[in-house]
Each structure stands twice: as C-alpha cells, then as structure tokens.
Amino acid sequence: MTDPRPLVRSLSAPRSSVERVLAQFRALRRRLRERARALALVAIVFTVLWFAGGLSGALALTSFLLMAMVVAGREPAESDGEKERSPDVEPRRRGGSGGGNDREGESWRLIVDAVPDATVALDHNFNIIHFNARLEELFPNIRVGQPLSQLSRHPELNAAVERAVTANQQVVVDLYERVPVERRLSATISRIGGREIRRGLPFLIACFRDLTEQDKLAQMRADFIANASHELRTPLASLRGFVETLQGPARDDPEARARFLAIMSSQANRMTRLIDDLLSLSRAEMRVHLPPRGIVDLNEVASYVAQALDPVAASSKAKIAVTKAEGPVRIRGDRDEIVQVLQNLVHNAIKYGREGGRIEIAISRVLDGSPPRPRVLLAVADDGQGIAPEHLPRLTERFYRANAQASREKGGTGLGLAIVKHIVLRHRGELRISSTLGKGSTFSILFDEVGNRS
Ligand code: ADP
C-alpha cells in the first residue's frame with residue numbers, strides 16, 4: 001500500500017491552515033490574559049485579608065496557592081465570537097470526531113475542510129464520516145452517516161471506489177448527471193486507510209470537481225472560432241470566384257469587369273468590417289475587468305454620434321433626433337468606448353429601422369431599482385420592424401441575428417450588440433432591450449452619474 005501521508009500533506013491548503021493556527025494562537029493569548037487577571041484578583045483578596053488580620057500569613061499564602069491552582073486548571077468560558085472562529089466547533093454538522101485519537105481526528109477533518117475542491121471522507125463501509133462546505137454546495141442533501149451511493153447513483157462511481165480499494169491507487173472518473181440539472185463532475189477517489197480498520201478515521205477520500213462551466217466555455221470558444229471562420233470564408237470564396245471569372249471568361253468584358261469589381265470591393269469591405277468588429281470585441285472582452293478612469297459627458301457624446309451618423313441616416317431618409325438632459329451628464333467612462341456603444345445602437349436603428357423613419361437618442365435622469373436610486377438613462381429608439389420576443393434574450397450573443405439574411409444584406413457582422421454588452425459591463429452599466437413587432441425597438445443603458453452616489 002502507498003503511504004497515505006504524502007497525500008494528506010498535499011491536501012492541506014496553506015492559507016486556511018495559517019488562518020487556523022493564527023485563530024488558535026489568538027484564543028490561547030486570550031485565555032492566558034484571563035487567567036492572569038483572575039490570579040491577580042485572588043492575590044489582592046488574600047493580601048487584603050492578611051493585612052486586615054483576618055488570616056495569618058501562612059494561611060493566606062496556602063489559601064492563595066490553592067485558589068491559584070484551581071484558577072490555572074479551569075477551562076475558561078468561550079465568548080460567542082471565539083466559538084464562531086474556533087475551527088473545532090464548526091465541522092460538527094459535517095461529522096464530529098467520532099473516534100480515533102482526538103488530535104488525529106481533528107487534524108484530518110481540518111485538512112478535508114481546507115481542500116479547495118468538494119471533498120468527502122468515507123469509512124471502510126463507504127459511509128460518509130465527514131465532508132467540506134464545497135461538497136455541500138454540490139450535493140445539498142448530503143448527511144454524515146449516509147452511504148456513498150446516496151451522493152451519486154452512478155455505477156461508474158461505485159466501480160471507481162472498488163478499483164481504488166482493490167488496486168490501492170488513485171482513480172479518476174467522469175460522472176455525467178442529467179437530474180436535477182445537467183452537469184459533468186470529475187471524481188478522484190483515493191484510498192488512505194490500511195488493512196487495519198480504525199473506527200472514526202477515513203478509509204477513502206473522494207474529491208469532486210464540477211466541470212460544467214469549463215465545458216460550456218470551451219464549447220463557446222469552439223463555436224466562436226467556427227462562426228468567425230464561416231463569416232470570413234463566405235466573402236473569401238466569393239472573391240476567389242470573381243478573380244477566376246475575371247481571369248477567364250470575363251477577361252475581355254469591360255462591363256462585367258466593372259460589375260464584378262464593385263461586388264469584390266463590397267465583399268472586401270465586409271471582411272474588413274468583420275475583422276474590425278472581432279478586434280473591438282476582443283479588446284472589450286480583455287478590458288471588461290478594468291474599471292474606466294475617464295469622465296464622459298453623455299450629452300456631448302449623443303450630439304457627436306448624431307452628427308457623425310447623420311449622412312448614413314440620410315441615405316435611408318431617416319432622421320436622428322437628440323433629447324438631452326439638463327447640464328452635463330457625467331459618467332465614469334472611456335469616451336471612445338461610449339461613442340462606439342452609441343454608434344452601434346444608432347447604426348442598428350438605421351439598418352433595421354423604417355425608411356424615412358425617426359431615430360431618437362434620449363438622455364435622462366431616472367429613479368431606478370428597488371429601493372429606487374437616481375441613475376442616468378441613455379436610450380436609442382427607432383420606429384422600425386421591431387424584434388420578436390423570443391430573440392430578445394439572445395441578441396447580445398456573438399453572431400446571433402434575429403434575421404441572418406437581413407443582417408448580411410445590410411452589412412451586419414452579428415457582433416455589434418456583443419461589443420455593446422461588454423463595454424456596458426465594463427462601465428458597470430445595465431443594458432435593457434424592449435421591442436414591439438411592427439412598432440419599433442428601444443435599447444436603454446443605465447449608468448451611475450458621477451457625483452451622485454445616493
Ligand atoms: P448585426 O451586425 O447583425 O446588426 P448586432 O449584434 O448589432 O449584429 O445585432 C444583432 C441582431 O439584433 C441583428 O442581426 C438584428 O437581427 C437585431 N437587431 C439589432 N438592433 C435592432 C433594431 N434596432 N431593430 C431590429 N432588430 C435589431
């Protein structure tokens with residue numbers, strides 16, 4: 001059998017252990033201080049009695065020594081705070097020191113508690129004798145005394161346990177669960193007990209890791225790469241086709257050449273837009289955890305974007321109107337990013353709005369939330385075709401389009417709202433989308449105003 005000690009040593013997380021040692025040291029210091037205070041009090045009482053002549057010197061000294069021995073041996077009452085911090089009180093619910101030598105019992109429990117993964121200790125009958133808080137998060141109904149099969153009915157888990165016991169080696173197994181939620185767990189089973197049965201001491205340790213989130217992220221990354229290459233491949237294939245045509249059958253056809261070159265130019269522009277948006281998205285994702293340091297006036301940004309996109313709106317006979325709030329409306333932000341957010345929203349309002357329609361950019365101060373608190377609202381509304389309700393929750397996903405054909409025809413990349421979402425996240429804002437089919441859509445963002453912290 002392998003020596004269990006190295007495993008136990010490697011399981012103890014240093015940070016929690018240091019905290020526990022410090023807590024024990026603080027409790028010891030408090031106890032010593034209490035005892036010193038009690039001894040001083042006893043000394044004063046007997047000195048007073050001796051001076052007052054109530055006791056002879058020898059009797060006072062003997063009584064003092066006897067009282068001192070009693071005080072030194074007394075276990076001081078723990079304060080509530082101390083009880084809360086004391087590491088040997090908390091794990092009772094997850095299994096007390098049921099046997100073995102007390103010191104040994106406590107230390108292995110502390111090690112299980114300190115493991116960062118969900119961990120359970122089992123006895124030689126595969127019954128649960130202790131588990132940590134992370135395990136309780138994964139299996140909320142878990143109780144000490146239950147058999148391992150109660151944790152998961154997976155035959156693979158039982159087989160892994162058998163293997164860990166008979167082959168005396170660490171066994172790792174993946175468990176796919178469908179109910180109550182779909183998830184993938186990785187379980188690592190290690191036998192740490194020997195042949196001799198020692199009651200109350202762990203025989204097996206099982207650690208669980210929830211890999212569901214990790215799987216989802218990997219899937220999203222793979223989907224993103226597949227989508228990005230698909231979006232690039234389409235215009236590239238079209239470009240290659242036109243180049244071949246121009247080199248071959250249309251070589252001496254000036255009319256066809258002019259037509260094909262115009263299409264090639266629009267395909268090249270599409271690829272450029274896609275690459276620009278991919279770069280913007282990756283920049284926005286990278287900076288999402290860095291709070292912006294600058295100050296941006298939303299009124300000023302609204303005027304700037306309305307002016308910049310006026311010619312684009314005019315090409316579909318639409319009008320952009322701006323309604324500002326009083327005075328400067330200052331938020332903590334990165335001006336270029338806030339400009340990009342507003343540009344994407346107004347550009348969408350133009351693309352999916354009505355020909356000859358009206359686009360409104362409105363800045364206002366509102367009371368929002370419960371309890372209500374003052375915030376600033378930046379809203380972009382159009383009177384276009386609107387969006388069906390089933391699409392609303394997914395609009396900010398990368399490459400998600402309510403109507404892929406319409407988006408491509410209008411030069412969309414499917415990344416505009418994903419960029420908006422990440423920039424808004426970085427600015428600790430909140431994006432809300434509302435829409436009525438046939439009437440139009442409103443994209444609103446709530447921010448905190450600088451200087452208004454109530
Ligand atoms: P795209 O480049 O396709 O416009 P976006 O991420 O900006 O990508 O938008 C995602 C999808 O949301 C669009 O394809 C479109 O279907 C829908 N959408 C966005 N804004 C509007 C709007 N103002 N009106 C109607 N649909 C919209």
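As the structure is a prediction and not an experimental result, all values here were calculated from the model. Note that ligands are numbered from 1 as they come in the structure, with each ligand's atoms numbered from 1 the same way.
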Undergrad: If you have a sec, work out which protein heavy atom is nearest atom 24 (N) of ligand 1 and how many Å separate them, to one decimal?
TA: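 That would be Tyr352 CB, 3.3 Å.
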Undergrad: Using a 3.5 Å cut-off on N or O atoms only, is Gly414 in polar contact with ligand 1?
TA: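 Yes; at least one N/O pair falls below 3.5 Å.
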Undergrad: Determine, considering heavy atoms only, which of Leu417, Ile350, Leu392 sits nearest to atom 9 (O) of ligand 1.
TA: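 Among Leu417, Ile350, Leu392, the closest heavy atom to atom 9 (O) of ligand 1 belongs to Leu417.
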Undergrad: Quick one: side chains of residues 344-351, donor-acceptor pairs under 3.5 Å with protein atoms, not counting sequence neighbours, listed by atom name and distance.
TA:
unit_1, atom_1, unit_2, atom_2, d
Asn344, ND2, Gly416, O, 3.2
Asn348, OD1, Lys351, NZ, 3.3

Undergrad: Taking the six-membered ring where the residue is Trp, are the ring centres of Phe139 and Phe208 under 6.0 Å apart?
TA: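 Between Phe208 and Phe139, which both carry aromatic rings, the centre distance is below 6.0 Å.
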Undergrad: Rounded to the nearest 0.5 Å, how far does CZ of Arg143 lie from CD1 of Ile128?
TA: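 Going from CD1 on Ile128 over to CZ on Arg143, the span is 10.5 Å.
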Undergrad: If we only count N/O pairs under 3.5 Å, is Tyr400 in contact with ligand 1?
TA: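 Such a contact does not occur with ligand 1.
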Undergrad: Measure the acute angle between the ring planes of Phe203 and His124, then classify it against the limits of 30° and 60° as parallel, tilted or perpendicular.
TA: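 Perpendicular, since the angle between the ring planes exceeds 60°.
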Undergrad: Of the listed options (Arg401, Lys351, Arg273), which comes nearest to atom 14 (O) of ligand 1 when hydrogens are ignored and any heavy atom counts?
TA: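 That would be Arg401.
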Undergrad: What atoms in ligand 1 come closer than 4.0 Å to a heavy atom of Ser441?
TA: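 This gives 24 (N) as the contact atoms.
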Undergrad: Of the protein's non-hydrogen atoms, which lies at the shortest distance from atom 3 (O) of ligand 1, and what is that distance?
TA: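 Sorting protein heavy atoms by distance from atom 3 (O) of ligand 1 puts Ser407 OG, 2.6 Å first.
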Undergrad: If we set the cut-off at 4.0 Å for heavy atoms, which region of Phe443 has an atom near ligand 1: side chain, backbone, both, or neither?
TA: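 Only the side chain of Phe443 comes within reach of ligand 1.
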Undergrad: As an exercise, state the distance from CD1 of Ile363 to CZ of Phe447, rounded to the nearest 0.5 Å.
TA: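 CZ of Phe447 is found 9.0 Å from CD1 of Ile363.
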Undergrad: Side chain, backbone, both or neither: which part of Ile387 comes within less than 4.0 Å of ligand 1 when only heavy atoms are counted?
TA: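 Under 4.0 Å from ligand 1, Ile387 contributes side-chain atoms alone.
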Undergrad: Got an N/O contact under 3.5 Å between Ala402 and ligand 1?
TA: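 Yes, Ala402 has an N/O under 3.5 Å of an N/O on ligand 1.
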Undergrad: Given Glu449, which partner from the list Arg365, Arg332, Arg330 fulfils the salt bridge (charged side-chain N to carboxylate O under 4.0 Å, His left out) test?
TA: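 Only one option passes, and that is Arg365.
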Undergrad: Under 4.0 Å, heavy-atom basis, I'd like to know which part of Asn403 is in contact with ligand 1: side chain, backbone, both or neither.
TA: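 It is the backbone that touches ligand 1; the side chain stays farther off.
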Undergrad: Please name the residue in the list Arg221, Arg209, Arg184 that meets the salt bridge (charged side-chain N to carboxylate O under 4.0 Å, His left out) test with Asp215.
TA: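 The single option meeting the salt bridge (charged side-chain N to carboxylate O under 4.0 Å, His left out) with Asp215 is Arg184.
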Undergrad: Measure the distance from atom 12 (O) of ligand 1 to every protein heavy atom, then report the residue, atom name and distance (to 0.1 Å) of the closest one.
TA: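 Checking every protein heavy atom, the shortest distance to atom 12 (O) of ligand 1 gives Leu395 CD2, 3.3 Å.
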Undergrad: Measure up the Phe242 and Phe260 rings against each other and bin them: parallel (under 30°), tilted (30 to 60°), perpendicular (over 60°).
TA: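 Judged by the thresholds at 30° and 60°, the geometry between Phe242 and Phe260 is tilted.
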Undergrad: At a non-hydrogen distance cut-off of under 4.0 Å, which region of Asp382 contacts ligand 1 (side chain, backbone, both, or neither)?
TA: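 Looking at Asp382 and ligand 1, just side chain atoms fall under 4.0 Å.
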